[in-house]
J.: 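Okay, here's the structure, questions in a sec.
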Amino acid sequence: MKIGEIAPDFTLPDQDRGRFNLSQHLGKGPIVIFFYPKDDSPVCTAEACAFRDRFQVFQTMGAMVVGISSDPEDSHQAFAAKNKLPYTLLSDEKGEVRSAFGVPKKLGFMPGRATYILDKQGIVRGFYDNMTNAKGHVDEALTVLRGLKP
């Protein structure tokens with residue numbers, strides 16, 4: 001996915017065994033989707049907690065935050081509870097949504113870490129791809145959101 005493209009619609013299970021459909025949330029405000037490799041790994045935990053720590057800022061900007069990895073719902077539920085994550089985590093066990101977004105793999109096999117910032121029409125307005133700078137994903141998302149027209 002490139003900036004200016006429309007994000008693909010998808011439906012995935014969340015940590016509470018509900019179903020999240022992207023198109024049902026469009027029009028309400030921007031959506032920040034961060035793809036991460038694995039629940040409870042050090043950098044992924046740092047990234048998830050960085051989004052948690054700035055969550056009220058995202059809410060003030062009218063933005064929804066969603067995390068996606070290939071971990072199952074049970075793992076997400078435990079990860080969210082352990083780290084007090086206030087946002088939705090989605091399970092993409094087959095990697096279909098990750099693939100549809102074009103999240104790059106690292107070392108040819110490891111799921112990448114990438115953040116997409118969508119406007120309320122679902123158009124990609126920002127993208128950040130970095131495996132080790134967990135906080136950078138949050139900073140970039142907030143920078144892009146500040147530049148969006150209300």
Side-chain angles (χ1 to χ4, degrees), residues 1-41 43-52 54-55 57-59 61-81 83 85-131 134 136-145 147-150:
M1 299 268 348
K2 294 181 178 137
I3 293 174
E5 293 183 339
I6 296 175
D9 193 20
F10 64 85
T11 300
L12 288 173
D14 67 23
Q15 77 265 30
D16 297 321
R17 302 208 184 280
R19 304 291 290 171
F20 177 96
N21 175 258
L22 179 63
S23 64
Q24 291 179 342
H25 295 278
L26 294 176
K28 298 176 184 176
I31 301 175
V32 176
I33 300 174
F34 71 98
F35 290 88
Y36 64 100
K38 185 107 180 99
D39 290 345
D40 288 315
S41 65
V43 178
C44 294
T45 300
E47 179 183 23
C49 291
F51 274 106
R52 176 203 64 204
R54 304 294 299 275
F55 185 69
V57 177
F58 285 101
Q59 283 189 309
M61 299 173 109
M64 171 181 256
V65 175
V66 178
I68 300 177
S69 82
S70 60
D71 295 300
E73 297 99 307
D74 290 346
S75 177
H76 283 337
Q77 192 171 52
F79 184 56
N83 295 290
L85 305 179
Y87 49 82
T88 301
L89 296 178
L90 301 178
S91 181
D92 183 23
E93 290 189 75
K94 295 180 182 176
E96 293 169 346
V97 174
R98 179 180 291 276
S99 178
F101 271 77
V103 178
K105 289 187 177 190
K106 301 302 175 187
L107 305 174
F109 67 92
M110 186 175 168
R113 179 183 318 283
T115 299
Y116 296 83
I117 302 91
L118 312 180
D119 66 14
K120 63 183 179 179
Q121 287 79 34
I123 298 170
V124 177
R125 296 300 179 188
F127 171 75
Y128 187 78
D129 172 22
N130 188 299
M131 286 301 284
H137 288 264
V138 175
D139 293 340
E140 180 64 16
L142 290 171
T143 296
V144 171
L145 289 172
L148 292 180
K149 295 177 184 174

J.: I need the L12 CG to E73 CD distance, nearest 0.5 Å.
T.: 9.5 Å
J.: How close do I117 and F127 get, counting heavy atoms only, and between which atoms?
T.: CD1-N, 4.1 Å
J.: Can you confirm whether more than 12 heavy atoms, excluding those of I3, are under 6.0 Å from its CD1 atom?
T.: yes
J.: Treating D129 as the side-chain partner and A114 as the backbone partner, does any N or O pair qualify as donor plus acceptor under 3.5 Å?
T.: no
J.: Please report the interatomic distance OG(S69) to CZ(R113), rounded to the nearest 0.5 Å.
T.: 10.5 Å
J.: Using side-chain contact (heavy atoms from CB on, under 4.5 Å), reason through T115 and I33 one step at a time and then give a plain yes or no.
T.: CA-CA 6 Å; T115 299; I33 300 174; over 6 Å; no
J.: Looking only at heavy atoms, which two atoms of R98 and G112 are closest? And how far apart?
T.: NH1-O, 2.7 Å
J.: So, taking the atom named CD in Q77 and the one named OG in S91, what distance separates them when rounded to the nearest 0.5 Å?
T.: 12.0 Å
J.: Distance-only, no hydrogens or angles: does the D119 side chain make a donor-acceptor pair with backbone N or O of P30 under 3.5 Å?
T.: no
J.: Measure the shortest side-chain to side-chain distance between L26 and Q121 over non-hydrogen atoms and say whether it is less than 4.5 angstrom.
T.: no
J.: Could you walk me through whether I123 and R125 pass side-chain contact (heavy atoms from CB on, under 4.5 Å), step by step?
T.: CA-CA 6 Å; I123 298 170; R125 296 300 179 188; 3.5 Å; yes
J.: Under the 3.5 angstrom rule, does the side chain of T143 hit a backbone N or O of D139 as a donor-acceptor pair?
T.: yes
J.: Show the numbers, then the answer: is there a side-chain contact (heavy atoms from CB on, under 4.5 Å) between K2 and V124?
T.: CA-CA 7 Å; K2 294 181 178 137; V124 177; over 6 Å; no
J.: Taking all non-hydrogen atoms of both residues into account, name the closest pair between P37 and D71 and its distance.
T.: O-OD2, 4.3 Å
J.: So, S23 versus D9: side-chain donor-acceptor pair below 3.5 Å or not?
T.: yes
J.: Under the side-chain contact (heavy atoms from CB on, under 4.5 Å) rule, what do M131 and V43 come out as? Steps first, then yes or no, please.
T.: CA-CA 8 Å; M131 286 301 284; V43 178; over 6 Å; no
J.: From F55 CZ over to Y87 OH, what is the distance, rounded to the nearest 0.5 angstrom?
T.: 9.0 Å
J.: Measuring only between side-chain heavy atoms, which start at C-beta, is V103 closer than 4.5 Å to Y116?
T.: yes
J.: Side chain of S75, backbone of P72: donor and acceptor closer than 3.5 Å?
T.: no
J.: Does the separation of the ring centres of Y36 and H137 fall below 6.0 angstrom?
T.: no
J.: Could you tell me which non-hydrogen atom of E93 sits nearest to which non-hydrogen atom of S70, and how far apart they are?
T.: CG-O, 3.3 Å
J.: Between F51 and F58, is the ring centre distance below 6.0 Å?
T.: yes
J.: What are the two closest heavy atoms between P13 and R19, and how far apart are they?
T.: CD-NH1, 3.5 Å
J.: Please name the pair of heavy atoms, one in F79 and one in C44, separated by the smallest distance, quoted to 0.1 Å.
T.: CZ-O, 4.1 Å
J.: Supply the atom-to-atom distance T88 OG1 to F20 CZ, rounded to the nearest 0.5 angstrom.
T.: 6.5 Å
J.: Taking D92 for its side chain and E96 for its backbone only, find out whether a donor-acceptor pair lies under 3.5 Å.
T.: yes
J.: Applying the side chain to side chain contact (heavy atoms under 4.5 Å, CB included) criterion to V32, which one of V144, L142, L145, L118 satisfies it?
T.: L145
J.: Do H76 and D14 have a side chain donor and acceptor closer than 3.5 Å?
T.: no
J.: Return the CZ to CD1 distance between F101 and I68, rounded to the nearest 0.5 Å.
T.: 6.5 Å
